[in-house]
There are 2 protein chains.
Amino acid sequence: MSGMTEIDRQRRPGPRIEEVARLAGVSKSTVSRVINGEQYVSAKARDAVHTAITHLRYSPNQAARSLAGSKANAIALIVSEQGSRVLGDPFFAGMLRGVHAELAGRHVQLLLVLSQPRDHDDLLSYLASGHADGALLVSLHGDDPLPRRLHEIGLPVVACGRPLGASAVPFVDSDNFTGGLDAVRHLVSLGRTRIATVTGPRDMAAGIDRLSGWRRGLAEAELPDDLVAEADFTPESGARAMTELLDRAPDVDAVFVAADITAVGVLQVLHARGKQVPEDVAVVGFDDSLLASTATPPLTTVRQDIEQLGRTMTWRLLGELAGETGLPPSLLLPTSLVRRASA
Amino acid sequence: MSGMTEIDRQRRPGPRIEEVARLAGVSKSTVSRVINGEQYVSAKARDAVHTAITHLRYSPNQAARSLAGSKANAIALIVSEQGSRVLGDPFFAGMLRGVHAELAGRHVQLLLVLSQPRDHDDLLSYLASGHADGALLVSLHGDDPLPRRLHEIGLPVVACGRPLGASAVPFVDSDNFTGGLDAVRHLVSLGRTRIATVTGPRDMAAGIDRLSGWRRGLAEAELPDDLVAEADFTPESGARAMTELLDRAPDVDAVFVAADITAVGVLQVLHARGKQVPEDVAVVGFDDSLLASTATPPLTTVRQDIEQLGRTMTWRLLGELAGETGLPPSLLLPTSLVRRASA
DNA sequence: CTGAAAGCGCTTACAG
DNA sequence: CTGAAAGCGCTTACAG
């Protein structure tokens with residue numbers, strides 16, 4: 001611990017609960033009860049306390065509250081990934097906005113934790129020591145053992161996206177299957193018959209489920225589902241996949257790409273090969289990220305509401321922390337097709 | 001406070017400092033000294049304590065440390081903006097990564113706070129109550145009074161980007177002036193003579209300083225600096241600005257755009273008007289964001305190292321918190337030109 | 001270099 | 001519905 005940064009001690013002024021109690025003419029206990037919204041407080045006492053709080057600009061000391069109450073009054077947002085590329089993703093920004101929106105007004109702080117797999121042990125004992133009352137997990141890869149391990153130490157957890165494997169960890173996810181299905185139905189309605197897909201990673205539920213939706217769509221339309229090329233949510237992998245598809249099936253007339261960011265690479269290759277979009281090849285992306293509207297041509301895409309995802313995760317976690325019963329173990333959020341020029 | 005979410009009390013297990021002391025055969029005081037890296041501890045005691053900590057997987061309770069030590073052991077990352085659009089910005093992601101990297105290993109937590117201007121009063125009393133030892137400010141607009149107000153209540157603050165007006169708030173910024181200057185020098189070296197600019201917002205130092213750099217570059221080359229069109233870091237405003245420039249000066253042969261995201265709109269208009277990039281009009285962006293490499297054609301741009309910006313801000317703040325003297329009040333980080341196809 | 005004791009500012013049974 | 005008292009798990013003078 002020798003690398004620690006010393007933060008100089010310096011008592012901040014500001015009123016204590018004692019002063020609020022004195023001004024309101026009640027005991028510290030009563031002030032505490034008002035602050036915590038407990039029910040057995042007389043209206044008169046409540047008003048007096050609120051007035052005193054406002055007058056003194058009192059803000060309770062969180063450290064003391066946590067210590068006395070044996071709870072952190074904080075939830076952790078854990079981003080678990082090698083190199084934490086996630087942060088660069090607009091996906092993460094949307095999540096953060098949603099989490100924050102749902103937390104607004106509640107006196108719960110947001111702790112941002114980025115954790116490499118090799119630091120998982122540290123993180124686990126940190127959280128086991130009560131530094132957060134619960135955790136939201138944004139872990140890009142399905143094989144990450146963190147969600148399960150956190151769940152095992154008894155910390156309430158909600159995962160972002162369906163964790164792979166038979167896990168009991170609650171999660172919230174977009175309905176990726178239906179999203180993929182809708183994309184194909186749209187392409188079929190356009191009269192396309194050679195519909196390919198550029199997938200997401202095979203070790204993530206988002207990749208797997210979108211692919212399943214695509215397959216289902218082709219089955220519905222009784223079309224072949226042989227044109228599959230793998231990618232990993234990067235433009236480069238999208239370009240490689242599209243090149244492969246074009247070589248394999250020059251008659252391809254549509255492609256469902258599992259992410260807008262990947263579609264950027266797909267569009268570049270199509271352009272370079274002289275294919276008109278959507279005339280020769282129609283393209284549908286996934287996410288409705290900023291990239292979708294700025295792409296050339298603007299991308300038809302399956303919109304997922306990431307902010308809502310963040311809100312829902314937070315709502316689910318806070319519900320569990322409040323001891324609510326009958327909460328759905330997991331939730332699937334709807335997606336919708338956004339039509340632009342590319343399909 | 002009636003909207004508060006109740007988080008059920010439940011004491012987490014985990015060892016206390018008392019048990020570490022017992023196992024190491026020393027007093028709690030000595031354990032505390034070891035944990036806090038104080039110097040007057042015998043090597044023997046230190047080793048015994050470290051062994052005990054490892055053995056028990058002890059992790060000190062932050063709430064108790066904060067309360068006893070009268071410091072939060074946390075810094076706040078404050079994002080102050082209407083609607084907090086910032087989060088959607090890759091800029092923010094890079095910052096976050098930098099802040100986190102610099103915090104790694106230090107026992108300082110990161111509190112993420114999003115604040116609308118109308119909530120500034122709440123935020124101020126919250127921070128005045130000691131919930132964070134210092135603050136990092138990402139405030140997109142120069143007229144935001146928050147940096148100054150925080151500085152006034154005595155909370156150590158470092159701003160991201162030069163605050164406008166005569167402010168004493170320490171800041172870290174990219175060298176936007178030199179970035180703009182280098183962009184123009186590059187365009188001049190390419191033989192361009194009718195060099196326009198699409199600016200950033202007038203109420204942000206980034207917009208103002210990049211424009212100044214552009215002007216300086218034109219003055220150096222003894223070229224006219226009449227082709228200025230204003231935009232606001234969005235693709236739409238970039239498109240409008242480029243349309244205006246093209247109407248005003250059909251002979252424009254280069255444009256320095258104050259942000260990659262704005263350049264996306266510029267490129268769309270140039271394409272629509274049948275202008276070849278870079279043959280007819282060379283384009284240089286700013287940021288070297290993901291958009292720069294995925295643009296058509298890939299964008300030559302002024303790279304700023306956002307992650308380094310986040311690291312430097314954090315380093316500066318922690319230094320001040322540790323009571324270091326002789327810290328530079330403010331810092332300017334270098335930019336560099338990244339050449340791609342557009343210029 | 002080390003330990004005993006006080007205290008940080010709250011919450012929570014407990015008794016009324 | 002309310003208050004007095006104990007205690008949450010640490011840090012920090014103080015004395016040695």
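Below, all heavy atoms of this structure are taken into account, side chains as well, without hydrogens, waters or symmetry copies. Note on naming: letters A, B, ... go to the chains in the order of the sequence lines (proteins, then strands), and numbering restarts at 1 for each one.
One can place CD1 of A:I35 at 6 Å from P of C:dT11, the figure rounded to the nearest angstrom. Computed from coordinates, the B:Y40 OH to D:dA15 C1' distance equals 17 Å when rounded to whole Å. To the nearest angstrom, C1' of C:dT2 lies 13 Å from CZ of B:R46. Going from atom CZ of B:R33 over to atom C1' of C:dA4 covers 11 Å, rounded to whole Å. Between the C1' atom of D:dA5 and the CD atom of A:E18 lies a distance of 13 Å, rounded to the nearest Å. Atom C1' of nucleotide C:dC1 and atom CD of B:E38 are separated by 12 Å, given to the nearest angstrom. When the P atom of C:dG7 is taken as reference, atom CD1 of A:I17 falls 19 Å away, rounded to whole Å. C:dT2 atom P lies 9 Å from atom NZ of B:K44, rounded to whole Å.
The phosphate of D:dT11 (OP1 or OP2) has a side-chain N or O of B:N36 nearer than 4.0 angstrom. Note on A:T30: a side-chain N or O is less than 4.0 Å away from OP1 or OP2 of D:dG3. Considering only side-chain N and O atoms, B:Y58 lies under 4.0 angstrom from the phosphate OP1 or OP2 of D:dC10.
Residues A:R148 and A:E152 are paired through a salt bridge, judged by an N-O separation under 4.0 Å between the basic side chain and the carboxylate.
Checking D:dT11, C:dC8, D:dC1 against every side-chain atom of A:S42, the shortest atom distance belongs to D:dC1. Closest contact between the side chain of B:V26 and the listed nucleotides D:dG3, C:dG3, D:dC8 involves C:dG3. Considering only side-chain atoms of A:K28, the nucleotide from C:dT11, D:dC10, D:dT2 that sits closest is C:dT11. The listed nucleotides are C:dT11, D:dC10, D:dC8; the one nearest the side chain of B:N61 is D:dC10. Comparing atom distances between the B:S27 side chain and each of C:dG3, C:dG9, C:dG7 picks out C:dG3 as nearest. Nearest to the side chain of B:S29, among D:dC10, C:dA5, D:dC8, sits C:dA5. Checked against C:dC14, D:dG9, C:dT11, the side chain of B:R16 finds its nearest nucleotide in D:dG9.
In terms of heavy-atom proximity, A:H151 sits nearest to A:V157 at N-CG2, 4.3 Å. Listed here is the closest heavy atom pair of B:W315 and B:L331: CZ3-CD1, 3.9 Å.
Here C:dC14 sits opposite D:dG3 as a Watson-Crick or G-U wobble pair (both hydrogen-bonding atom distances under 3.5 Å).
Across D:dG16 and D:dT12, the matching C1' atoms stand 16 Å from one another, rounded to whole Å.
Using a 4.0 Å heavy-atom criterion, one finds that A:A63 contacts no nucleic acid atom at all.
Projected onto DNA chain C by closest heavy-atom contact, B:V41 and B:L67 fall at different nucleotides, the more 5' of which corresponds to B:V41.
Between the side chains of B:R16 and B:N61, no donor-acceptor pair is found at a separation under 3.5 Å.
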>> Go through it in stages, so that I can follow the logic: the residues are A:R316 and A:E320, the test is salt bridge (Lys or Arg N to Asp or Glu O under 4.0 Å), and I'd like the CA-CA distance, side-chain angles, deciding distance and then a yes or no.
In response: CA-CA 6 Å; A:R316 173 66 176 71; A:E320 183 168 346; 2.9 Å; yes

>> If you apply the rule side-chain contact (heavy atoms from CB on, under 4.5 Å), what do you find for B:Y58 with B:I17, and how did you get there?
In response: CA-CA 8 Å; B:Y58 171 71; B:I17 197 172; 3.6 Å; yes

